[in-house]
Amino acid sequence: MNRRSLILGATAVGLLGTARPAQAAGPAGMPTYTYLRDALRMPLSYNPTGEFIFPCIRGVYDKISGYRGRYYLYYAPHEKPGGICVAYANSLAGPFTEYTGSPVIDNKLPSTTVSHVSSPHVTWIPERKQFYLYYHGENTTTRVARSTDGLTFTDETPILSTRLVPGLTETSYARVFAHSGRYVMVYMGVLAGKRRIYHGWSPNGWDQWTFAQTALVNPEPDGLTDISGPHVVVRNGTTYVAYHGNDGRMRITEVGNAFNREVHLGVFHTPIASDNGRTAAPSFGTEGGVQYMFYEAGARLNARICIARAA
């Protein structure tokens, strides 16, 4: 999975930023997503800062028994103290009900106390019949914990820090996906003050990680200074990374099945009025053949979690 080439694509293609009927598919065949509703049913018992980021949606009904709802939504405040939270629903259309045990992970970790924990991403590991939860705390360290029920997580372990990729000052906002017989992580790294997308891989998603030393996706070909919130998308026989930029729009770039390309394909989602100028950190799911996207909406320190549905 070592990088072999850098291929820069054409000019970004924008989408209209208002509610609209179905349109032609976007870059890479991405659908047009239309805002459906805010994901969380208010008020919430745990809401220390009045803002939430980085949704991760997971179907659990086919993996465990005794689930609270067919779908679990993981999310967190960004500001201190953060805290990894869970909500549940029986449909991706929501709305979701807060799990009263939230936060399931707080900033008082078994190994240390950090200022905050945030950016949850959960991956089902079928070989172990466990959920692995990836999150950051501090911004320089990505950690993993595991669970058999998706609600009680143990064995917190740091797996990525800035010392493993020299030159980076942050290593956070990680998501991990099963891909080609291994587990691939995409995450945000800060190099020379700019946010870029980096990647690594592991045979089991827990340890034996290898991290590429150069960025997978760079902001400059998009005409941006910062990109973050990556999510792997596999379609059309190839692999892409979806992410957001500092202009508030979400884009998609082809990286190829070997994660050795960088073909920038443009914008697939633009904020509508209720998004207050910013959409970010997409997480995707499909139910009954209908595609959904969960995302952050609003300014970075004043965001909420929203649901959009493919038109």
Side-chain angles (χ1 to χ4, degrees), residues 17 33 35-58 68-69 71-89 92-109 113-122 133-143 150-151 153 170 172-175 188 195 226 228-229 231 243-250 269-283 292-308:
Y33 289 101
Y35 170 82
L36 180 63
R37 61 165 49 94
D38 282 22
L40 299 172
R41 184 181 284 128
M42 299 292 183
L44 299 175
S45 297
Y46 185 77
N47 191 2
T49 61
E51 46 83 33
F52 296 107
I53 66 167
F54 216 79
C56 174
I57 188 66
R58 285 293 172 262
R68 302 299 180 102
Y71 299 95
Y72 284 5
L73 172 63
Y74 298 85
Y75 61 97
H78 178 269
E79 285 289 83
K80 304 171 185 177
I84 308 305
C85 301
V86 185
Y88 55 88
L92 289 179
F96 284 71
T97 299
E98 178 187 24
Y99 171 57
T100 56
S102 294
V104 296
I105 294 179
D106 61 25
N107 66 327
K108 296 178 177 61
L109 303 171
T113 296
V114 294
S115 69
H116 74 291
V117 292
S118 195
S119 71
H121 179 83
V122 170
L133 168 59
Y134 305 87
Y135 59 100
H136 75 256
E138 308 288 352
N139 291 336
T140 57
T141 304
T142 290
R143 305 171 185 273
L151 297 173
F153 289 89
E170 289 187 30
S172 54
Y173 301 102
R175 296 191 190 271
M188 184 201 76
R195 295 175 172 89
D226 297 284
S228 186
H231 194 292
Y243 53 93
H244 68 266
N246 59 279
D247 65 352
R249 300 188 293 175
M250 291 194 276
H269 190 77
T270 295
I272 61 173
S274 63
D275 295 328
N276 297 318
R278 178 177 177 270
T279 57
S283 180
Y292 291 83
M293 179 175 70
F294 291 70
Y295 66 97
E296 294 174 32
R300 180 171 171 268
L301 300 182
N302 191 31
R304 65 195 203 279
I305 306 301
C306 293
I307 307 172

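Keep in mind that this is a model prediction, so the values were computed, not measured. Each residue takes its place number in the sequence, starting with 1.
- A distance-only check finds no donor-acceptor pair linking the side chain of N139 to the backbone of E170 [under 3.5 Å].
- Just one of Y295, Y75, Y173 meets the ring pair (Phe, Tyr, Trp, His ring centres under 6.0 Å) condition when paired with F54; it is Y173.
- Looking at M42 and E98, their side chains never come closer than 4.5 Å, going by heavy atoms from C-beta outward.
- One N or O on the side chain of T279 and one on the backbone of G248 form a donor-acceptor pair closer than 3.5 Å.
- R278 contributes a side-chain N or O that, together with a main-chain N or O of G298, makes up a donor-acceptor pair within less than 3.5 Å.
- Side chain of R304 to main chain of D38: no donor-acceptor pair is present (N/O by atom type, distance under 3.5 Å, no hydrogens or angles).
- Put simply, the side chain of C306 does not reach to within 4.5 Å of the side chain of R37, judged on heavy atoms.
- Within the model, atoms NE2 of H121 and OH of Y134 stand 7.5 Å from one another, a figure rounded to the nearest 0.5 Å.
- Note that CZ of R195 and CG of N246 are 9.0 Å apart. Values are rounded to the nearest 0.5 Å.
- G137 approaches V114 most closely through the heavy-atom pair O-CG1, 3.7 Å.
- The CD1 atom of I53 sits 12.5 Å away from the CG atom of N302 when rounded to the nearest 0.5 Å.
- Proximity of a side-chain donor or acceptor of D275 to a complementary backbone N or O of A297 within less than 3.5 Å is not detected.
- Here CG of L151 is found 11.0 Å from CG of L133. Values are rounded to the nearest 0.5 Å.
- Closest heavy-atom contact between M250 and A281: SD-N, 4.4 Å.
- Shown here for P282 and M293, the closest heavy-atom pair between the two residues is CB-SD, 3.8 Å.
- Put simply, the side chain of C56 reaches to within 4.5 Å of the side chain of R175, judged on heavy atoms.
- No side-chain heavy atom of F153 sits less than 4.5 Å from a side-chain heavy atom of I84.
- Taking the six-membered ring for Trp and the full ring otherwise, F294 and F96 have centroids separated by under 6.0 Å.
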Evaluation steps, side chain to side chain contact (heavy atoms under 4.5 Å, CB included), between I105 and R143:
CA-CA 11 Å; I105 294 179; R143 305 171 185 273; over 6 Å; no
Carefully, step by step, assess F52 and L40 under the rule side chain to side chain contact (heavy atoms under 4.5 Å, CB included).
CA-CA 10 Å; F52 296 107; L40 299 172; 4.2 Å; yes
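- Between H116 and P77 the shortest side-chain heavy-atom distance does not fall below 4.5 Å.
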Determine whether V104 and Y99 satisfy the following criterion, side chain to side chain contact (heavy atoms under 4.5 Å, CB included), listing intermediate values before the conclusion.
CA-CA 9 Å; V104 296; Y99 171 57; 3.8 Å; yes
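- A distance-only check finds no donor-acceptor pair linking the side chain of E79 to the backbone of E51 [under 3.5 Å].
- One finds no salt bridge joining D106 and K108 here, because no Lys/Arg side-chain nitrogen approaches an Asp/Glu carboxylate oxygen to under 4.0 Å.
- For the pair I57 and S283, the tightest heavy-atom approach, listed with the atom from each and the gap, is N-OG, 3.2 Å.
- P81 and N107 make their closest contact through O-CB, 3.8 Å (heavy atoms, listed as atom of the first residue, atom of the second, distance).
- Formation of a donor-acceptor pair under 3.5 Å by the Y74 side chain with backbone atoms of G150 is found in this model.
- For the residue pair H244 and G229, the shortest heavy atom distance occurs at CE1-N, 3.7 Å.
- Using a 4.5 Å heavy-atom threshold, the side chains of H78 and L301 count as touching.
- Between the side chains of T140 and E138, not a single donor N or O lies within less than 3.5 Å of an accepting N or O.
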